[in-house]
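If you read the sequence from its start, that first residue is 1, and numbering goes on from there.
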Amino acid sequence: MKRFLSIAVLVLCALVSHAQRQMAFPFQGGKEVMMTFFKNNVVIPDALKKQNAAGTAILKFTADDKGAIQKVVVYYADDYSIALPFIDALKRSDRKWVIPDEVKTYDFVISFTLDRSPATAKAAATARSTADANRAHRPIFASNPIPLDMATLLPAIITTY
């Protein structure tokens with residue numbers, strides 16, 4: 001009975017220790033550095049600005065043990081053209097990701113939103129062009145369920161122009 005009790009205590013301690021251990025923020029320097037990085041590295045093309053484009057792209061990417069990005073998967077995008085600047089910025093973040101020590105690759109899910117600045121959004125011409133852009137966009141959806149396994153959902157990145 002003592003043996004069973006001591007094994008149970010050891011297992012319980014290991015479980016509590018594992019639950020208390022949290023993954024550090026997965027971008028070198030932390031959350032604020034990541035937000036600043038994407039603020040400085042998302043470049044919105046003039047064509048999107050002229051269309052008064054707005055929308056969301058949800059991307060999953062895999063980072064290896066050196067922080068290099070292995071692949072990027074578009075889970076959802078309001079339009080292909082909206083996803084492109086975010087994919088480019090994500091590629092520039094190569095070797096800045098930190099993954100748990102015990103794994104060779106790790107998946108992250110991140111949401112990017114493109115929006116207009118509030119002053120631009122109020123103009124009547126902007127409202128018309130926004131409606132035109134919304135009618136013309138072609139959303140990208142995953143056609144089959146995509147298993148997430150172990151992935152970390154990162155804070156959303158919102159870019160205004």
Side-chain angles (χ1 to χ4, degrees), residues 19 21-123 126-161:
R21 184 181 58 181
Q22 292 182 350
M23 188 171 123
F25 196 82
F27 194 86
Q28 291 177 9
K31 178 183 175 185
E32 295 305 318
V33 173
M34 181 187 85
M35 297 302 223
T36 302
F37 174 85
F38 284 111
K39 180 180 178 184
N40 295 334
N41 284 284
V42 173
V43 179
I44 307 303
D46 290 335
L48 285 177
K49 290 178 183 178
K50 286 179 185 175
Q51 293 175 351
N52 289 311
T56 298
I58 300 173
L59 309 175
K60 182 188 97 155
F61 65 96
T62 302
D64 68 10
D65 57 348
K66 304 230 186 302
I69 294 176
Q70 298 294 311
K71 64 181 173 180
V72 177
V73 176
V74 177
Y75 270 11
Y76 173 83
D78 284 323
D79 193 78
Y80 178 70
S81 61
I82 289 174
L84 289 177
F86 300 122
I87 292 170
D88 291 340
L90 193 56
K91 288 179 181 176
R92 283 193 284 281
S93 73
D94 198 42
R95 301 211 182 273
K96 294 189 183 300
W97 299 97
V98 179
I99 66 169
D101 290 335
E102 62 272 2
V103 296
K104 293 184 187 240
T105 61
Y106 198 85
D107 292 335
F108 297 96
V109 177
I110 188 166
S111 171
F112 292 96
T113 299
L114 176 63
D115 201 1
R116 294 166 303 285
S117 63
T120 306
K122 293 180 181 176
T126 301
R128 280 192 300 276
S129 64
T130 299
D132 292 341
N134 285 340
R135 279 191 293 277
H137 80 266
R138 304 281 184 259
I140 299 171
F141 293 99
S143 59
N144 292 318
I146 301 171
L148 285 177
D149 294 330
M150 294 201 37
T152 297
L153 178 63
L154 298 170
I157 305 295
I158 300 173
T159 303
T160 56
Y161 63 92

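Residues V33 and Q28 come closest through the heavy atom pair CG1-O, 3.5 Å. Nearest heavy atoms, N41 versus A89: O-CB, 3.6 Å. When all heavy atoms of P26 and L154 are compared, the closest pair comes out as CG-CD2, 3.5 Å. Listed here is the closest heavy atom pair of A83 and A77: CB-CB, 4.0 Å. Closest approach of L90 to I69, counting heavy atoms only: O-CD1, 2.9 Å. Between I110 and P155, the shortest heavy-atom contact is CG1-O, 3.8 Å.
Residues I44 and V42 are in side-chain contact: their nearest non-hydrogen atoms beyond the backbone lie under 4.5 Å apart. Using a 4.5 Å cut-off on side-chain heavy atoms (C-beta onward), M35 and I157 make contact. Contact check for I58 versus V109: side-chain heavy atoms found under the 4.5 Å cut-off. Residues L48 and P85 form a side-chain contact, since some pair of their non-hydrogen atoms from C-beta on lies under 4.5 Å apart. Proximity of L59 to Y75: side-chain heavy atoms (C-beta onward) are nowhere separated by under 4.5 Å.
The structure places CE of M34 at 14.0 Å from NZ of K39, a figure rounded to the nearest 0.5 Å. Note that the OG atom of S111 and the CD1 atom of I158 stand 8.0 Å from one another [nearest 0.5 Å]. With values rounded to the nearest 0.5 angstrom, R92 atom CZ is found 12.0 Å from I87 atom CD1.
Listed by chain and residue number, F38, F86 satisfy the ring pair (Phe, Tyr, Trp, His ring centres under 6.0 Å) test with F112 (two or more places apart in sequence, or in another chain). For F61, the ring pair (Phe, Tyr, Trp, His ring centres under 6.0 Å) criterion is met by W97, F108, not counting sequence neighbours.
K49 NZ: more than 12 foreign heavy atoms inside a 6.0 Å radius.
Judged by distance alone, the side chains of Y76 and T56 never bring a donor and an acceptor atom under 3.5 Å apart. There is a side-chain donor-acceptor pair under 3.5 Å between S81 and D79. T62 and D107 share a donor-acceptor pair across their side chains, judged by distance under 3.5 Å alone.
Using modelled atom types, no side-chain atom of R116 and backbone atom of T160 make a donor-acceptor pair closer than 3.5 Å. Checked by atom type and distance alone, the side chain of Y161 never pairs as donor or acceptor with a backbone atom of V43 at under 3.5 Å.
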inquiry  = For a side chain to side chain contact (heavy atoms under 4.5 Å, CB included) check, start with the C-alpha distance between F27 and V98, then their side-chain angles and the critical distance, and finish with the verdict.
reply    = CA-CA 6 Å; F27 194 86; V98 179; over 6 Å; no
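One finds no salt bridge joining K104 and D65 here, because no Lys/Arg side-chain nitrogen approaches an Asp/Glu carboxylate oxygen to under 4.0 Å.
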